[in-house]
Number of protein chains: 2
Amino acid sequence: MSAIKKSSTNFANKQALADECPEVYAALIIGGQWALVICSWLLNGKLRFGELKKKLPNITERMLTLQLRKLEENKIVKRTVYAEVPPRVEYELTEIGYDLRPVIMQLELWGNKHKELI
Amino acid sequence: MSAIKKSSTNFANKQALADECPEVYAALIIGGQWALVICSWLLNGKLRFGELKKKLPNITERMLTLQLRKLEENKIVKRTVYAEVPPRVEYELTEIGYDLRPVIMQLELWGNKHKELI
DNA sequence: CTCATTACTTACATTTTTTATAGTACCTCA
DNA sequence: TGAGGTACTATAAAAAATGTAAGTAATGAG
């Protein structure tokens, strides 16, 4: 997830789409491999880095960090560092983060319906 | 969008997530770069290949084809070929395709709210 | 002094997705 | 005969996302 190349066609396309379509804009924000699951877990309350890792057994620390950073940048999660040793860092959804609940619920509903159909 | 490698960790992770979380399952299905916009347009009724292309000025024909194929595989769009020359092919949402409307609406709502905030 | 713990970071490799470019078949109309 | 329209396909390359493996800092416990 290295920095996206601002000269690429891909970047321009994403920009244009996000500008025109709020759905696509939203999808780009919550659209990493792990972003949605992370948000789902956090809907139930704050979690530490290590706790999240346990909930997502297959995620690597790198990926978890990257996705959390992206979510943080987009103001979806709040990161709180406690100056302790060993360190303790808590992640919590922001208000707009919690606002994802209906989005996620619709996705779940649709997902379940689609699964049945197939 | 060549076939995904079934031996990769990435594939396994996606599988596992999709199995457990219907939201992620749904996100994987409607999650290509262009899939959501295509569905959004098709919510207003069927469109021909060329019409879709005009709606999405920056998409390449290859990408449009790929995304439509994926949507078709997932029973979200129906493809109808008319045996004419020059050829005419129409794309239309299926029932479950139209069921995406509330999902897309929630995404829009959230997207707009998030945009304002930022 | 050494070790364990936690939440990372870094460098690199691989996989997946997207873009670029150039075709193709078919018939129709001029 | 030859151009033109439509909906594609093939191939290659670029870019983005994800994964692997190995560190790091700080400090309190033993």
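Quick note: numbers below take in every heavy atom, side chains included, and nothing from hydrogens, waters or symmetry partners.
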- How does each nucleotide of nucleotides 21-30 of chain C score, in 5' to 3' order, for protein heavy atoms under 4.0 Å: base (B), sugar-phosphate only (S), or none (-)? -----BBS--
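Taking the side chain to side chain contact (heavy atoms under 4.5 Å, CB included) definition, one finds that A:Glu51 meets it with A:Leu47, A:Arg48, sequence neighbours left out. Considering only residues two or more places apart in sequence or on other chains, B:Tyr25 meets the ring-ring contact (aromatic ring centres under 6.0 Å, His included) condition with A:His114. Applying the side-chain hydrogen bond (donor to acceptor under 3.5 Å, both in side chains) test to B:Lys53 and every residue at least two apart in sequence or in another chain returns B:Glu61.
Less than 4.0 Å separates DNA chain C from at least one heavy atom of each of the following residues of residues 42-52 of chain A: A:Arg48, A:Phe49, A:Gly50. For the segment residues 24-38 of chain B, the set of residues with a heavy atom within less than 4.0 Å of an atom of DNA chain C comprises B:Gly32, B:Gln33, B:Trp34, in numerical order.
A:Tyr82 comes within contact range of no nucleotide atom at all, as no heavy-atom separation falls under 4.0 Å.
Taking only side-chain atoms of B:Thr65, from C-beta outward, the nucleotide of D:dT9, D:dA16, C:dA7 with the closest atom is D:dT9.
Listed by first and then second residue, the side chain to side chain donor-acceptor pair (under 3.5 Å) pairs involving residues 75-84 of chain A are A:Arg79-A:Tyr91, A:Tyr82-A:Glu90, A:Glu84-A:Arg88 (not counting sequence neighbours). Annotation: salt bridge (Lys or Arg N to Asp or Glu O under 4.0 Å) contacts involving residues 34-43 of chain A, sequence neighbours excluded, are absent. Applying the salt bridge (Lys or Arg N to Asp or Glu O under 4.0 Å) test to residues at least two apart or on different chains, none of the pairs has a partner in residues 29-39 of chain B. Residue pairs meeting the salt bridge (Lys or Arg N to Asp or Glu O under 4.0 Å) criterion with at least one member in residues 25-41 of chain A: none, sequence neighbours excluded. The stretch residues 103-118 of chain A participates, sequence neighbours left out, in these salt bridge (Lys or Arg N to Asp or Glu O under 4.0 Å) pairs: A:Lys113-B:Asp99.
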N/O donor-acceptor pairs under 3.5 Å from side chains in residues 31-45 of chain B, not counting sequence neighbours:
unit_1: B:Gln33; atom_1: OE1; unit_2: A:Asn10; atom_2: ND2; d: 2.7
unit_1: B:Ser40; atom_1: OG; unit_2: A:Glu23; atom_2: OE1; d: 2.5
unit_1: B:Ser40; atom_1: OG; unit_2: B:Leu36; atom_2: O; d: 3.0

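Between B:Lys14 and B:Leu17 there is no side-chain heavy-atom pair separated by less than 4.5 Å.
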